[in-house]
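Keep in mind that this is a model prediction, so the values were computed, not measured.
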Amino acid sequence: MLQGAFKIIADGGQETEVRWDGRDIRAWEARFDKSWIATIDQRSVTDVAFIAYAASRRAGDPRTWEQFNDQVVDVVEVDAQPLPKSKGTRKGRTGGSS
């Protein structure tokens with residue numbers, strides 16, 4: 001399931017947390033006429049900010065995209081889990097099933 005949370009940091013340091021989900025991805029896709037999944041290697045800061053904007057609108061934020069874009073200085077993913085560090089491959093293992 002596509003979902004997560006962003007911390008939105010506004011000019012002046014005010015922070016707001018919003019939850020995003022598939023509705024916000026679909027809003028991005030409708031706005032930019034692209035597939036979110038197909039463009040995974042081409043994401044920009046603006047793409048991520050728009051997802052945060054769409055989530056904040058659903059939460060009641062009355063700002064337009066232009067106002068949000070002018071007032072927000074950063075968007076940070078708050079529930080991202082770091083990938084575990086690789087311990088290398090195990091000796092004697094192959095890609096096949098065991």
Side-chain angles (χ1 to χ4, degrees):
M1 179 183 286
L2 293 173
Q3 63 181 7
F6 286 126
K7 179 175 18 173
I8 299 169
I9 304 168
D11 227 355
Q14 179 186 359
E15 296 181 0
T16 307
E17 189 171 313
V18 294
R19 301 280 319 161
W20 63 268
D21 60 31
R23 295 171 288 186
D24 308 308
I25 299 296
R26 291 189 301 274
W28 179 90
E29 289 179 334
R31 168 85 178 212
F32 296 104
D33 196 29
K34 298 179 190 175
S35 164
W36 181 258
I37 300 299
T39 60
I40 198 161
D41 293 332
Q42 303 165 5
R43 297 269 160 67
S44 70
V45 172
T46 300
D47 294 334
V48 174
F50 190 86
I51 298 299
Y53 163 72
S56 72
R57 289 285 294 179
R58 283 190 309 99
D61 187 339
R63 291 180 286 188
T64 64
W65 165 244
E66 289 75 18
Q67 292 167 328
F68 182 91
N69 194 39
D70 285 342
Q71 297 167 4
V72 170
V73 296
D74 203 2
V75 172
V76 180
E77 191 170 12
V78 295
D79 58 357
Q81 299 296 318
L83 295 174
K85 292 187 179 190
S86 173
K87 295 178 182 165
T89 52
R90 296 154 118 191
K91 291 182 183 178
R93 298 275 310 200
T94 64
S97 59
S98 39

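- In terms of modelled atom types and a separation under 3.5 Å, the side chain of Gln71 and the main chain of Ala10 share no donor-acceptor contact.
- Sequence neighbours left out, not one pair with a member in residues 30-48 passes salt bridge (charged side-chain N to carboxylate O under 4.0 Å, His left out).
- Checking each of Asp74, Val18, Thr16 against Phe6 for a side chain to side chain contact (heavy atoms under 4.5 Å, CB included) leaves exactly one that passes, namely Val18.
- A distance of 11.0 Å separates CZ in Arg26 from CD1 in Ile51, rounded to the nearest 0.5 Å.
- For the atom pair Phe50 CZ and Ser56 OG, the distance stands at 9.5 Å (nearest 0.5 Å).
- Under the salt bridge (charged side-chain N to carboxylate O under 4.0 Å, His left out) criterion, the residue pairs touching residues 48-63 are Asp21-Arg58, Asp24-Arg58, Asp61-Arg63, with sequence neighbours excluded.
- Within the 4.5 Å cutoff, the side chain of Tyr53 has no heavy atoms near those of the Asn69 side chain.
- Follow the hydrophobic side-chain contacts under 4.5 Å out from Ile37 and you reach Phe32 in the same cluster.
- Other residues, nucleotides and ligands place more than 12 heavy atoms under 6.0 Å from the CD atom of Glu66.
- Ring geometry for Trp65 versus Phe68: interplanar angle under 30°, hence parallel rather than tilted (30 to 60°).
- Applying the under-4.5 Å side-chain rule to Ile, Leu, Val, Met, Phe, Trp and Tyr, the cluster around Val73 extends to Ile9, Val76.
- Counting heavy atoms from C-beta on, the side chains of Trp20 and Ile25 come closer than 4.5 Å.
- Within the structure, the salt bridge (charged side-chain N to carboxylate O under 4.0 Å, His left out) test picks out the following pairs touching residues 6-19 (sequence neighbours left out): Lys7-Glu15, Arg19-Asp79.
- Across Ala52 and Ile8, no two heavy atoms sit closer than the pair O-CD1, 3.9 Å.
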